[in-house]
Protein chains: 2
Amino acid sequence: MPNILVVDDQEVVRYGTTLILQKSIEDAHVSEAASFEDTLKMLSTKKFDLLILDIDMPGGNNHQMLDVIRLRHPDIRILIFSSYDEQIFGWRYLEAGADGFLSKKTGIEEIKNAAKTLLRGEKYLSPTLKQTLLNNFTNKKAATNPIQRLSSRENNIMQLLIKGSSVAEIAEKLSLQISTVSTYKKRIFEKLQVSNVIEMIEKVQLYS
Amino acid sequence: MPNILVVDDQEVVRYGTTLILQKSIEDAHVSEAASFEDTLKMLSTKKFDLLILDIDMPGGNNHQMLDVIRLRHPDIRILIFSSYDEQIFGWRYLEAGADGFLSKKTGIEEIKNAAKTLLRGEKYLSPTLKQTLLNNFTNKKAATNPIQRLSSRENNIMQLLIKGSSVAEIAEKLSLQISTVSTYKKRIFEKLQVSNVIEMIEKVQLYS
DNA sequence: TTAATATGTAGTAGTTTTACTACAAAAGTT
DNA sequence: AACTTTTGTAGTAAAACTACTACATATTAA
């Protein structure tokens with residue numbers, strides 16, 4: 001009788017997920033939690049086999065949450081269930097100790113699938129992620145954290161861009177030509193595969 | 001036998017919502033749509049009494065969506081179901097022709113409540129919104145948060161800017177002149193007292 | 001130890017964005 | 001009703017930014 005804990009701050013999502021699990025997994029016993037605190041409390045009351053964790057909860061420092069949980073419950077299987085893009089965020093969570101990453105955009109079938117896979121003791125990767133994995137395998141470079149691929153000057157300039165500085169301001173501050181800063185900016189965007197500062201910031205937040 | 005259409009791009013949410021409605025409303029017949037296109041198609045096939053519409057769908061130009069729907073189906077009741085903060089965005093959608101605004105953070109009870117209220121032909125306001133309404137009534141301008149000072153068009157454009165859209169892209173999407181969008185952007189910045197998108201985003205986050 | 005990349009820097013020409021101005025229609029005030 | 005402010009819209013000139021190119025110096029890989 002698998003014990004599952006569904007964590008999400010939106011009750012509709014918990015409700016839907018719970019029902020899906022109950023209908024598709026024999027004898028599943030599903031509990032719910034709406035916050036990180038509740039989650040820890042619940043986890044300490046009884047043994048859970050699977051934790052389905054929404055990571056875009058307010059107040060949750062996503063990465064640390066995982067660490068804390070892993071520390072106290074080394075055996076629990078963790079499935080990250082997020083509305084963030086899996087291609088961008090998936091890896092990070094897998095690396096950080098999750099056993100699977102599932103985008104909220106995926107359908108019900110995929111949820112069942114992921115849950116069953118994890119309960120079987122395997123890791124779960126969405127089809128898209130598997131594909132990316134293959135690419136990275138041949139392609140070593142892309143596999144490392146993209147922010148670490150920035151040179152220190154680039155990183156430096158990225159920091160200023162994140163603060164909202166304009167290209168001109170940065171050039172002024174660093175006594176460079178505007179065109180130089182612009183080139184850096186372009187290279188940064190290329191390396192991070194983003195096309196504007198906003199995406200850049202999102203990417204950075206994820207990897208830090 | 002009320003006909004309800006649930007629109008959301010996340011299948012779990014649709015699933016949960018549908019079940020909630022079916023269980024709480026006698027004889028409810030609930031259909032689902034995952035995109036704006038599907039929504040319009042569905043709406044034209046038969047008569048719906050209530051539309052529960054998720055507004056943070058990718059590609060959905062929120063306000064225009066409402067307009068289009070209202071134009072073709074003047075009688076349908078529309079409940080906006082969003083993960084945006086209701087205090088900031090709620091009244092705006094009401095003004096734009098919705099009959100109710102519900103935050104996804106609210107619980108199942110509130111969903112039932114809202115749906116039933118709308119089906120009865122009344123408008124629905126969450127308790128929080130009612131409160132805000134009262135405050136604004138006595139309190140007019142002074143204490144309101146800067147984001148509420150934006151007109152709905154401005155708000156609309158802000159939304160797109162937050163997503164990282166460029167001025168040109170927005171102009172294209174909304175069929176406006178670039179200069180027009182630029183003017184909006186300038187006015188938004190003025191009202192929020194910021195000087196770039198990054199600060200703007202910070203401000204929005206502050207107030208939500 | 002070559003050969004291949006990556007990095008730091010910039011010019012030029014072309015795009016995009018902003019500033020400033022404007023104006024009619026709507027909303028709000030007196 | 002008359003007056004003021006806000007909103008939705010745009011043109012034009014100026015400012016900011018990007019693309020593409022370039023090149024010398026480091027680094028890295030073969």
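Not measured: the values here are computed from a predicted model. Sequence lines set the chain letters: A, B, ... in the order given, protein chains first and strands last, and positions in each chain run from 1. Heavy-atom basis, side chains included; hydrogens, waters and symmetry copies ignored.
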Exercise for the section: Can you tell me the distance, in whole Å, between the CD atom of A:Glu190 and the P atom of C:dT5? Expected result: 16 Å
Problem - Candidates C:dG8, C:dT17, D:dG11 - which lies nearest the side chain of B:Val167 - result: C:dT17
Exercise for the section: Kindly write out the residues that satisfy side-chain hydrogen bond (donor to acceptor under 3.5 Å, both in side chains) with A:Glu110, not counting sequence neighbours, or none if the list is empty. Expected result: A:Tyr124
Problem - Gap between atoms CE and P, on B:Met158 and D:dG8 respectively (whole Å) - result: 14 Å
Handout entry: Approximate separation, where rounding is to 0.5 Å, of A:Ile157 CD1 and A:Leu150 CG
Key = 10.5 Å
Practice task
Would you kindly give the CG-to-C1' distance between B:Asn155 and D:dT6, to the nearest whole Å?
Solution key: 16 Å
Fill in the blank from the handout: In whole angstroms, the gap separating P of C:dA6 from CD1 of A:Ile188 amounts to 16 Å
Problem - Partners meeting side chain to side chain contact (heavy atoms under 4.5 Å, CB included) with B:Val194 (sequence neighbours left out) - result: B:Phe189, B:Leu192, B:Glu199, B:Met200, B:Lys203
Practice task
Using a 4.0 Å heavy-atom cut-off, write out nucleotides 22-27 of chain D from 5' to 3' as B (base contacted by protein), S (sugar-phosphate only) or - (no contact).
Solution key: B-----
Exercise for the section: Give the C-alpha distance, both sets of side-chain angles, the deciding distance and a yes or no for side-chain contact (heavy atoms from CB on, under 4.5 Å) between B:Asp49 and B:Asp75. Expected result: CA-CA 8 Å; B:Asp49 305 289; B:Asp75 297 330; over 6 Å; no
Between side-chain atoms of residues 22-31 of chain B and protein atoms elsewhere (two or more places apart, or another chain), which donor-acceptor pairs fall under 3.5 Å?
residue, atom, partner, partner atom, Å
B:Ser24, OG, B:Ile20, O, 2.9
B:His29, ND1, B:Asn3, OD1, 3.4

Problem - Phosphate-side-chain proximity, B:Ser151 and D:dG8, N/O vs OP1/OP2 below 4.0 Å - result: yes
Exercise for the section: Could you check which residues of residues 168-176 of chain A get a heavy atom under 4.0 Å from DNA chain C? Sort them by number, please. Expected result: A:Leu176
Handout entry: Nucleotide nearest B:Lys186 (side chain, heavy atoms from C-beta), chosen from D:dA19, C:dT21, C:dG8
Key = C:dT21
Fill in the blank from the handout: So OG1 of A:Thr183 and CG of A:Leu176: to nearest 0.5 Å the spacing works out to 10.0 Å
Fill in the blank from the handout: For B:Gln177, the side chain to side chain contact (heavy atoms under 4.5 Å, CB included) test, sequence neighbours excluded, returns B:Ser179, B:Thr180
Exercise for the section: Check side-chain hydrogen bond (donor to acceptor under 3.5 Å, both in side chains) between B:Arg14 and all other residues, then give those that pass, not counting sequence neighbours. Expected result: B:Glu32
Exercise for the section: For the helix from C:dT1-D:dA30 to C:dT30-D:dA1, figure out the bend between the end axes, five pairs an end, and round to 10 degrees. Expected result: 60°
Handout entry: Any A:Lys191 side-chain nitrogen or oxygen under 4.0 Å from OP1 or OP2 of C:dT5
Key = no
Practice task
Write down the distance between CG (B:Asn196) and C1' (C:dT18), rounded to a whole number of angstrom.
Solution key: 13 Å
Handout entry: Contacts of type side-chain hydrogen bond (donor to acceptor under 3.5 Å, both in side chains), residue A:Lys123, not counting sequence neighbours
Key = A:Asp99
Problem - B:Leu150 CG - D:dG8 C1' separation (whole Å) - result: 14 Å
Handout entry: Test side chain to side chain contact (heavy atoms under 4.5 Å, CB included) applied to A:Glu109 - qualifying residues, sequence neighbours left out
Key = A:Lys112
Exercise for the section: Taking side-chain hydrogen bond (donor to acceptor under 3.5 Å, both in side chains) as the test, write out the residues that go with B:Gln10, two or more places apart. Expected result: none
Problem - With sequence neighbours excluded, residues passing side chain to side chain contact (heavy atoms under 4.5 Å, CB included) with A:Leu160 - result: A:Lys163, A:Ser165, A:Ile170, A:Lys173, A:Leu174
Practice task
Indicate whether OP1 or OP2 belonging to C:dT17 is found under 4.0 Å from a side-chain N or O atom of B:Lys185.
Solution key: no
Handout entry: Gap between atoms CD and P, on B:Gln177 and C:dT17 respectively (whole Å)
Key = 14 Å
Exercise for the section: Rounded off to whole Å, could you give me the CZ-to-C1' distance for the A:Arg153 and C:dT9 pair? Expected result: 9 Å
Practice task
Identify, between A:Tyr184 and A:Ser179, the residue whose nearest nucleotide on DNA chain C lies closer to the 5' end.
Solution key: A:Tyr184
Practice task
Check if the side chain of A:Thr180 and the base of C:dG8 share a donor-acceptor pair of N or O atoms closer than 3.5 Å.
Solution key: no
